[in-house]
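Keep in mind it's a predicted model, so treat the numbers as computed, not measured. Numbering of ligands and ligand atoms starts at 1, following listing order. In what follows, every heavy atom counts, from backbone to side chain, and hydrogens, waters and symmetry copies are set aside.
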Amino acid sequence: MIAHRQPFVRPFLLAILVVSTLASKILHLFQHAGSIPARLMAVYFPTFFIQEVLLFAATWFFLQKFTGLRCIVGLIIVPATAFLTFCLCSSQLSFYFVTGSEVRWDAVTSVGTDAEGRKLMLSGLKPFLGSACILLIMSWVFTRVCSAVFDQWLSALFGFHSHGDMHEEASIDDQKTVTRRKRPVRLWTLIGFVGTLVLLLVRPKVPYSHMSGAIPFTFLEALVSSSPAVSQPVENAFPLPELISEGHWKAPDGYFKGWSPYSDSGATSLPDWASGPLPAGFERWSQKKQHVGGADTNGETGIEMNTTAKKNYYDPVHDPLRITNLDRKLLEPLAQAFKDHHVPITHVVLVMMESARKDVFPFKSGSHLHREILNSYKSLDPDMIHQLNANLSHLTPIAEILTGESGGFPKTRRDTESSLWKDTAEAGMGGLNINGVLTGASLSFKSEIMNHCGIWPLPVDWMDEITSDIYQPCIMQVLDLFNQFKQRSAAGPSRDHLERNWTSIFVQAVTGIFADQNILNDHLGFEKKIYSEDISQEGAKHYHDDMEEINYFGYSEREVYPYMEDAIDDAIKKNERLFLSHFTSTTHHPWALPKGVRSEQYFSDENLMGKHEDMNSYLNSVRFVDAWLGEMLGLLDKKGISNETLVVFVGDHGQAFQEDSPVTGCYGNGHISNFRVPLVFRHPLLPKIQITANATSLSIIPTILDLLVQTKSLNENDSGIALNLMNEYEGQSLIRPYKATDDGRQAWNFNIISPGGEMVSVGSAAVPYRLILPLTQEFEFVFSNLDTDPDEVNLLRGWSVEDLVSQVRSVYGDKAGQWVAEAEKVGKWWVGETKRLYNHAE
Ligand SMILES: *[C@@H]1O[C@H](CO)[C@@H](O)[C@H](O)[C@H]1NC(C)=O
Ligand SMILES: *[C@@H]1O[C@H](CO)[C@@H](O)[C@H](O)[C@H]1NC(C)=O
Ligand SMILES: *[C@@H]1O[C@H](CO)[C@@H](O)[C@H](O)[C@H]1NC(C)=O
Ligand SMILES: *[C@@H]1O[C@H](CO)[C@@H](O)[C@H](O)[C@H]1NC(C)=O
Ligand SMILES: *[C@@H]1O[C@H](CO)[C@@H](O)[C@H](O)[C@H]1NC(C)=O
């Protein structure tokens, strides 16, 4: 009879449950409030609380009795439920305070099973504890009120006495008053019940069902159903058949394999290079080989044939979306340069830059962010503006050199400048800077796949790519194919530099275990890999005692400098060609800097709420990484290989802050600032060219191959292979004019929104429009026009595509509305098609 001696405990339990559940529901409704007309919100309001009310009533009921089964339930299940709900609500609140968005319980459970993921979650411990405290205090304050309300109401309803005033011999008078009180309560409850029931019946399922779940139930539901069972249509026909009909088909021409979607043709003959053994990544050709020339099929491959027979493969001839620009001439300045002088590409370095937004590569005067910084100051005299701009002019000097875009700030001197990398390229040289590029995914490793393999990532949550079929050979595997080919032809090591073998290495200063990235990198075909796990051991080659972990993922990029140096030395010594892939990391949350690197204050710190703290830290990490990129380029200079090395810089995704959008971060956030990324093809002997193309990072691999061929950096046989393969990838080459449309078709772009299976954004190189397409019923359709609203401040939202189309029609006209309707169909088709190509088992 603990509860009797401590009469506060039971009401307090009830209060915790009530406060947590209601806080969670109010936050949830608040996050959806903007997307639903206020009058509908008001009408359906009671229906959002049905689960809560039933839960409270049940809890109250179990807390009434002190003996028997009900007592046991009351003493075990109720406290457990209250505790769970309390924890869930605290996480939900803290997640909202940190990111501005909603927790998805199914996603949390999968991050929670990953050690590095747990570290990530622990970084939110402070706001979690803060929210927990607030909830506890609120529960304590409302304890009396809660129990009074429920005691009054439910005891009247069911004719119980609440335990607080339970007297064994209640007087007749008391019973009479109770009976008198019971009648109106029962009547009103009945009216409320019936009314809510009617509303519930007339209420549309989407989006209201999602808004009605009570927090402990939604969590348990997520635990039980691990994957949303969206059944895939068996027949996924292309939604715009008139654009791909026979009249539009194209005949094969040279390396171009022709284009005829849904035709029977296409069983083109096997290229010469595919007749021998093929490295991983070339299953599609191996499989074709077995069908075309069955002669050399032995027992072993026969078995393989059976297992691979049911697989789906990509086929450029049958891809309704594929637009090639390889039939176009090279950009004029490039064609001229190739005529004038030799541009050797012996090595290729691909730098994938963590959270690199295009608007900080370089940071520019007059940009949205620059305005935000200026606005953060209450008052600014001209002298201070001058000083502030002077400080900002030193934010991204290397990016200014690499892109050839000026930051637009007056140049000022600084002591640290002398230590920065100096470009040795002649004036007007340096390579291609592409403006208008979007990443294909706001989840880093999905983006990594796109950048290295030239394919779309898989529109499902997290990294199922690891266990599915990467549907094109990745660049490392292509280089490996070049190697294997030489093995058969070359008699002894050749003097000719084009006869050298390639080697590939992946280097990052942070963990390789998070989300099984190491397994992914094996799958993509990297020969060597270096992660923080390799450099942090005492036996590691460049280990030193004062190595400093700067965030929960690992070290600063500078720790891998000597390992990169080794990789270059090794390649030179072994007479190999190097493909080095490096992923930067300091620009990742929590944007911490190594000791000794000074943090500067760009935003005003007058604001005591620390409003701009995150963005300010991010800018500091951007400055640090900018200098690091210079150090890397300096390493190439030092080794004497910069004039024969192509360096590709690309952002893995952007990063939205509260200066950009109400919801921050990449997770579940379709805002454009998460998708605009820099893309630079740097080579000191290529002319500096500014290109604007509404392309995606899908173009990187075809462009690298095209550059290798056009600069004559491959021998004849490898060139032939590269030309053949370029015609297999979906992306267009960026060294030729980009085709935004082709024979009525648009070059569609898709951007997967982290974690992957909930929303994709659909765009097209031909129009400035963007549609966010929800893949589950919990999210809205969102439209933006980047011409009139480049920073996506005014979005149109709708819970159904019809609703959104009519809104877009009335604001932007019929054509825009028509585009949205098409984009929705094409987006849905693409989701199904991509899963099919990956052979992704749902
Ligand atoms: C500019 O940076 C210096 C330190 O480098 C700092 O002392 C100064 O306050 C900054 N000026 C402004 C206006 O932010
Ligand atoms: C190139 O690499 C292959 C292995 O892929 C090896 O068998 C061959 O001997 C190498 N060729 C040269 C010239 O080093
Ligand atoms: C690269 O080439 C340019 C122009 O041909 C030359 O001036 C420069 O010295 C070369 N750099 C190196 C490191 O060889
Ligand atoms: C190119 O390939 C053919 C066979 O496919 C081979 O006979 C020839 O030696 C190769 N040439 C070079 C330069 O490797
Ligand atoms: C590319 O997108 C921008 C807006 O993001 C738009 O203004 C422009 O028209 C598009 N390009 C083409 C060729 O349509």
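Using modelled atom types and a 3.5 Å distance limit, the side chains of His523 and Thr467 yield no donor-acceptor pair. With no hydrogens or angles considered, a side-chain donor-acceptor pair links Asn724 and Lys257 at under 3.5 Å. Of the N and O atoms on the side chains of His370 and Asn389, at least one donor lies less than 3.5 Å from an acceptor on the other residue.
In terms of polar-atom proximity, defined here as any N/O pair under 3.5 Å, Asn501 does make such a contact with ligand 2.
When the heavy-atom distances from atom 5 (O) of ligand 2 to Asn575, Thr503, Asn483 are ranked, the shortest goes to Asn483. Relative to atom 3 (C) of ligand 3, the option among Ile641, Leu636, Asn643 with the closest non-hydrogen atom is Asn643.
Protein heavy atoms are found less than 4.0 angstrom from atom 11 (N) of ligand 3. Put simply, atom 7 (O) of ligand 1 has no protein non-hydrogen atoms near it, under 4.0 Å away.
In this structure, the side chain of Glu533 engages the main chain of Gly512 through a donor-acceptor pair within 3.5 Å. Using a distance-only test at 3.5 Å, with no hydrogens or angles considered, a donor-acceptor pair links the side chain of Asn620 to the main chain of Glu600. Although no hydrogens or angles enter the test, the distance criterion places a donor-acceptor pair under 3.5 Å between the side chain of Gln477 and the main chain of Cys474.
Under the side-chain contact (heavy atoms from CB on, under 4.5 Å) criterion, Thr664 pairs with Thr99, Gln658, not counting sequence neighbours. Taking the ring-ring contact (aromatic ring centres under 6.0 Å, His included) definition, one finds that Phe282 meets it with Trp273, Trp285, sequence neighbours left out.
Residue contact check: Met384 has heavy atoms under 4.0 Å from atoms 13 (C) of ligand 1. If you number the atoms of ligand 1 from 1 as listed, the ones under 4.0 Å from a heavy atom of Leu388 come out as 13 (C), 14 (O). Ligand 3 places these atoms under 4.0 Å from at least one heavy atom of Glu426: 4 (C).
Of the protein's heavy atoms, Arg598 NH1, 3.8 Å lies nearest to atom 4 (C) of ligand 1. Annotation: atom 1 (C) of ligand 1 to nearest protein heavy atom, Asn391 ND2, 1.5 Å. Atom 13 (C) of ligand 3 has as its closest protein heavy atom Ser642 OG, 4.1 Å. The nearest heavy-atom contact from the protein to atom 9 (O) of ligand 1 is Gln387 OE1, 3.8 Å.
Ligand 3 is approached by Leu685 to a heavy-atom distance shorter than 4.0 Å.
Taking the six-membered ring for Trp and the full ring otherwise, Tyr471 and Tyr313 have centroids separated by 6.0 Å or more.
Neither the backbone nor the side chain of His394 has a heavy atom within less than 4.0 Å of ligand 1.
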